[in-house]
There are 2 protein chains.
Amino acid sequence: MQEDIMEKLDKHDLRKTIIRKDVLKIFVQAEGKALSSKDIEQALENPDRITLYRTLRSFEEKGLIHQAVDGSGTSKYALCSEDCTVHEHQDDHAHFHCTKCEQTICLETGPRSPVNVPEGYIVRRSYLVLEGLCRRCANP
Amino acid sequence: MQEDIMEKLDKHDLRKTIIRKDVLKIFVQAEGKALSSKDIEQALENPDRITLYRTLRSFEEKGLIHQAVDGSGTSKYALCSEDCTVHEHQDDHAHFHCTKCEQTICLETGPRSPVNVPEGYIVRRSYLVLEGLCRRCANP
DNA sequence: AAAAACTTGCAACTTTGTTGCAATAACCAT
DNA sequence: ATGGTTATTGCAACAAAGTTGCAAGTTTTT
């Protein structure tokens, strides 16, 4: 698993620094859960906030993680599937956002039916967010 | 039109103060375009920033405007359709977000096919965001 | 017209995120 | 392994977006 992390960093052309290993480990352990900068700050104790932001940006640029739009206002990130590359993210799945515990998870969703946009508009990506209560919060 | 605005405020149980009339007028004129707090600040000259935030919150609570999730990070709002009530928003349409000019518009979209969520999860609302270039930015 | 209820505007503060720069660590080639 | 190159870190300073408490000012109700 330690090797897994090293390999991932290597494959995505990222230097193996302590914080990167730590952050990536947290993402791997989170298993499809989207994490905010704050979540990670709390998991690691006292990482430099700025360095963390930059780590997240690098990870995203190199195709290791993707932003999970969830309507909560703050950015969240989740581990990409294996086939994301530096140049193009392939994370077309929807995200579920629990309004009670504020957790966001990636859903396994197939391709969506296309939506009509006005003449002349170009669609590059789309995000689908489902909002409601997760299992834990729905059944207290 | 002035009467229209007064009526809307009345119907939604909001006091008719100067800033509320002004802000609502801007939303009516924006015609389906989603506006950020900043957009409105610029349209009105020097409104109190805090009061504006509170105005937007009241409008949303009373079902006059709805948040338009667009993945841009900052909150945007657009006028609700007539049948939104205080208790339940009905704005199920998608939003288009132009990554160049940062404008967001409401799209007229029909009902979407439901997405599978894990056992026990409850979906209350969903947001669909299309991201790309608007007509103006796509054809320079 | 006065009382009650709500709204405004100000100060102060929090959270989230960015930039510039010197010091440091990782990587590559001897 | 050693050193040079290049990328990364950590700090300070800053900026944007948003919130809270409270006294003063408006609406609305009676």
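As the structure is a prediction and not an experimental result, all values here were calculated from the model. Letters go in sequence order (proteins before strands), and every chain restarts at 1.
- Rounded to a whole Å, the CD atom of B/Glu60 is 11 Å from the P atom of D/dT19.
- Under the 3.5 Å distance criterion, with hydrogens and angles disregarded, no donor-acceptor pair is assigned to the side chains of B/Tyr77 and B/Glu60.
- Spacing between atom CG of B/Asp48 and atom C1' of D/dG18 amounts to 13 Å, rounded to whole angstrom units.
- The A/Thr74 side chain lies nearest to C/dT16 when the options are C/dT19, C/dG9, C/dT16.
- The side chain of B/Thr17 has C/dT8 as its nearest neighbour among C/dC10, C/dG17, C/dT8.
- Not a single donor-acceptor contact under 3.5 angstrom links the side-chain atoms of B/Arg54 to the base of D/dG18.
- Taking 4.0 Å as the cut-off between side-chain N and carboxylate O, B/Lys16 and B/Asp10 count as a salt-bridged pair.
- One interatomic measurement links the two molecules: CG of A/Leu24 to P of D/dT8, which rounds to 15 Å at whole-angstrom precision.
- The listed nucleotides are C/dG9, D/dT28, D/dG18; the one nearest the side chain of B/Lys16 is D/dT28.
- Atom-to-atom, CG of B/Asn46 to P of C/dT8 comes out at 16 Å; the value is rounded to the nearest Å.
- Closest approach to the A/Ile50 side chain among D/dG18, D/dT28, D/dC11 is made by D/dC11 (side chain taken as heavy atoms from C-beta onward).
- Although no hydrogens or angles enter the test, the distance criterion places no donor-acceptor pair under 3.5 Å between the side chain of A/Asp22 and the main chain of A/Ile19.
- Closest heavy-atom contact between A/Leu79 and A/His66: O-CE1, 3.3 Å.
- What separates CZ of B/Arg49 from P of D/dG18 is a distance of 9 Å, to the nearest Å.
- In this structure, CG of A/Leu56 is placed 15 Å from C1' of D/dT8, rounded to the nearest angstrom.
- Distances shown here put a side-chain N or O of B/Ser75 below 4.0 Å from the OP1 or OP2 atom of D/dG18.
- If you chain together hydrophobic residues whose side chains sit under 4.5 Å apart, A/Leu133 and A/Val129 never meet in one group.
- Considering only the side chain of B/Arg57, D/dT20 comes nearest among C/dG9, D/dG18, D/dT20.
- Within the nucleic acid shown, A/Ser58 has no heavy atom closer than 4.0 Å to any nucleic acid atom.
- Residue A/Arg20 is classed as a sugar-phosphate contact, given heavy-atom separations below 4.0 Å to backbone atoms only.
- Comparing C/dT8, D/dC11, C/dA11 against the side chain of B/Ile19 picks out C/dT8 as the nearest.
- Distance, B/Glu41 CD to C/dG9 P: 13 Å, rounded to whole Å.
- The side chain of B/Tyr53 approaches D/dG18 more closely than any other nucleotide in the set D/dC11, C/dT8, D/dG18.
- Atom C1' of nucleotide C/dC6 and atom CZ of B/Arg15 are separated by 4 Å, given to the nearest angstrom.
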